[in-house]
Amino acid sequence: MNHSIWILEYGYVDRFPASNLFAGQPNEGHRRMPYCFGLVRSADHCVLVDTGFADPAIYDRLTAKYGDTRWSAPVDVLARLGVRAEQVDTILLTHNHFDHAGCVDAFPSAHVYIQRREIECYLAAAARPARFEFLTRSCQADLPQRLAARTATLVDGTATVTDGIELRPAHDTHTAGSQVVAVTNAADGTWVFAGDNVYSYQNLEGLRGDGVLVPIAMTTGSAAGWLDFADELLAGVGGDTRRILPFHEAAVWDRFPSAVFDDGLHVAEVSLAGGHPSAVSAG
């Protein structure tokens, strides 16, 4: 089986503090941070890895906090690649945060997969007193209800979704029930969508390119747990960090063939192994 793979940017903030990306690194300045989701297509399936969000109130809040921003609804970003919402048959959610799970309802035909632990731990955290708000601060609060009203699977650990697409748990890292999505092509090997367990290639390559792992700053698990997760993640792709696909890293536009649209948003073409037309010329 072969799949075509893209990373689609649906927004960005211009001045995001690097200290929110790297644990214990308070003086690394600011950077433009994209908000992205993944598209995976084969001859038989049209799959989204996360769904992004579309909420003017959140746009305004992030603009006030992080300077210049740009946003487009994920359904409109997909349309630039010729994909209609009703064509999406599968959604793989890496975790329950608003910028990854906010647009589930925009794709009503899709079967949604998420780790059972992610939903159960969210519900348990939401039932705790207000002083535990950190555990639910960025969550899509109504996701459990949305999933209960549609076709969805709560996954227990590792699971095969279709031929060549596997869900792998990353529990107690960024969130209690995070998962990554591995896509394996006969033509060009394995690619892994890391969700928010990798914000930047520097998490894996070192802030100075020295290979020293830099834990993510925003986590409900421990830094030690993340280090073991990251080491295993790298081992699974032979140490090739290019095969790890982050959703908040502007460097993807340089590491893969990319296009920028008139509104400043990008699309990166990771693989055309599925034989689909190039999206790069669309920009």
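We use all heavy atoms of the structure for the numbers below, so side chains are in, but hydrogens, waters and symmetry mates are not.
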For Leu123 and Pro144, the nearest pair of non-hydrogen atoms, with its separation, is CD2-CG, 3.8 Å
Does the side chain of Asn27 pick up a donor-acceptor pair with the side chain of Gln25 at under 3.5 Å? no
Show me the donor-acceptor pairs within less than 3.5 Å that the side chains of residues 207-219 make with the rest of the protein, sequence neighbours left out.
{"unit_1": "Arg208", "atom_1": "NH2", "unit_2": "Glu28", "atom_2": "OE2", "d": "3.0"}
{"unit_1": "Asp210", "atom_1": "OD1", "unit_2": "Val212", "atom_2": "N", "d": "3.1"}
{"unit_1": "Thr219", "atom_1": "OG1", "unit_2": "Thr173", "atom_2": "O", "d": "2.3"}
{"unit_1": "Thr219", "atom_1": "OG1", "unit_2": "Gly221", "atom_2": "N", "d": "3.1"}

Regarding Asp196 and His100, is there a side-chain donor-to-acceptor distance under 3.5 Å anywhere? yes
Linked, directly or transitively: Val181 and Met1 (ILVMFWY side chains, under 4.5 Å): no
Name each donor-acceptor pair under 3.5 Å that joins a side chain in residues 231-241 to protein atoms two or more places apart or in another chain, with its distance.
{"unit_1": "Asp240", "atom_1": "OD1", "unit_2": "Arg242", "atom_2": "N", "d": "3.1"}
{"unit_1": "Thr241", "atom_1": "OG1", "unit_2": "Glu205", "atom_2": "OE2", "d": "2.4"}

Is a side-chain donor-acceptor pair under 3.5 Å present for Thr175 with His95? no
From the list Tyr66, Tyr12, Tyr10, Trp71, ring-ring contact (aromatic ring centres under 6.0 Å, His included) partner of Tyr59 resolves to Trp71
Do Leu78 and Val252 sit in one hydrophobic cluster, given that two such residues count as connected whenever their side-chain heavy atoms are within less than 4.5 Å of each other, even indirectly? no
Kindly give the heavy-atom pair with the smallest separation between Asp188 and Ser271, and that separation in Å. OD2-OG, 2.7 Å
Assess whether side-chain hydrogen bond (donor to acceptor under 3.5 Å, both in side chains) is satisfied between His174 and Asn197, documenting all intermediate values. CA-CA 6 Å; His174 179 60; Asn197 267 304; 5.7 Å; no
Which pairs of donor and acceptor atoms, one on a side chain in residues 35-45, lie under 3.5 Å apart (sequence neighbours left out)?
{"unit_1": "Ser42", "atom_1": "OG", "unit_2": "Asp44", "atom_2": "N", "d": "3.2"}
{"unit_1": "Ser42", "atom_1": "OG", "unit_2": "His45", "atom_2": "N", "d": "3.1"}
{"unit_1": "His45", "atom_1": "ND1", "unit_2": "Asp89", "atom_2": "OD1", "d": "3.1"}

